[in-house]
Amino acid sequence: MKRHPRRSDEEWLNIIHECRTSGLSDKAWCEEHHIHTSKFYYHIRRLRAKACEITERENMVPQKQEVVPVSFMEQEFCIPPSRTAGAEEFHPDTVITVYMNGIQIGISNNAARETIAHTISVLQGSC
């Protein structure tokens with residue numbers, strides 16, 4: 001019986017892939033290609049074990065950490081007036097109501113300081 005030359009891991013991986021995508025059973029494919037099933041399964045186990053090996057830390061290449069700039073866009077909110085044709089609506093969470101140039105702005109007790117400060121600066125700029 002003639003011995004086959006030693007095959008590389010890549011060659012065995014190709015053989016296994018070819019067998020598994022052939023539509024034949026492992027045994028039928030191996031018989032057709034003159035490969036002992038025990039050798040076929042040995043190389044499957046060996047390659048799976050090799051794939052699970054974890055390299056030591058010293059062999060690892062340090063990765064560069066990327067910094068990605070993030071920009072925030074200010075949004076202007078249009079608060080619909082709570083006043084309709086001469087009748088006032090009551091909003092229970094409104095603590096401060098500002099009337100200016102026909103516009104009514106209600107400020108909630110839960111409003112952030114930044115929101116209030118921004119609103120006041122906009123109002124001052126429009127006077």
Side-chain angles (χ1 to χ4, degrees):
M1 183 181 208
K2 187 177 178 183
R3 288 187 71 137
H4 291 281
R6 179 170 231 136
R7 293 180 173 128
S8 69
D9 289 346
E10 188 175 339
E11 288 173 313
W12 272 109
L13 195 58
N14 289 334
I15 289 169
I16 294 165
H17 180 71
E18 185 181 330
C19 171
R20 294 289 168 91
T21 58
S22 70
L24 298 172
S25 68
D26 291 346
K27 184 178 179 184
W29 190 90
C30 286
E31 285 175 358
E32 197 174 287
H33 289 84
H34 309 288
I35 296 174
H36 291 281
T37 54
S38 60
K39 193 172 200 174
F40 180 79
Y41 289 122
Y42 164 78
H43 286 287
I44 289 175
R45 283 191 309 277
R46 190 180 62 75
L47 288 171
R48 282 183 179 158
K50 193 171 189 175
C52 293
E53 289 178 4
I54 299 172
T55 57
E56 295 298 321
R57 185 173 295 280
E58 64 194 21
N59 295 337
M60 293 176 68
V61 178
Q63 293 181 353
K64 182 180 175 185
Q65 190 172 14
E66 231 177 279
V67 177
V68 180
V70 178
S71 62
F72 295 93
M73 196 166 67
E74 282 191 36
Q75 289 184 322
E76 292 185 23
F77 295 98
C78 179
I79 303 171
S82 62
R83 191 172 186 183
T84 55
E88 285 190 27
E89 291 181 15
F90 175 71
H91 293 282
D93 64 339
T94 300
V95 177
I96 299 171
T97 304
V98 178
Y99 297 96
M100 183 176 184
N101 298 332
I103 299 173
Q104 177 183 342
I105 298 174
I107 300 175
S108 164
N109 199 25
N110 298 327
R113 285 181 181 216
E114 295 82 18
T115 303
I116 296 170
H118 183 69
T119 303
I120 291 172
S121 69
V122 169
L123 289 173
Q124 287 173 341
S126 66
C127 292

| request: Report the distance from atom NZ of K39 to atom CZ of R46, rounding to the nearest 0.5 Å. | output: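 Answer rounded to 0.5 Å: 10.5 Å.
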| task | Please round to the nearest 0.5 Å and tell me the distance separating atom NE2 of H36 and atom CD of E31. | result |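 Answer for the NE2-CD pair, H36 versus E31, is 11.0 Å.
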| message | E10: which residues meet the side-chain contact (heavy atoms from CB on, under 4.5 Å) condition with it, sequence neighbours left out? | response |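 S8, N14.
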| field | side-chain contact (heavy atoms from CB on, under 4.5 Å) partners of A117, counting only residues at least two apart | value |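 Applying side-chain contact (heavy atoms from CB on, under 4.5 Å) to A117 gives none.
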| What pairs of residues pass the side chain to side chain donor-acceptor pair (under 3.5 Å) test when at least one of them lies in residues 15-25, not counting sequence neighbours? |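 Counting only pairs at least two positions apart or across chains, the side chain to side chain donor-acceptor pair (under 3.5 Å) contacts touching residues 15-25 are R20-D26.
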| task | Tell me who clusters with I15, hydrophobic residues only, linked when side chains sit under 4.5 Å apart either directly or through other members. | result |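 Listed partners: W12, L13, I16, L24, W29, I35, F40, Y41, I44, L47.
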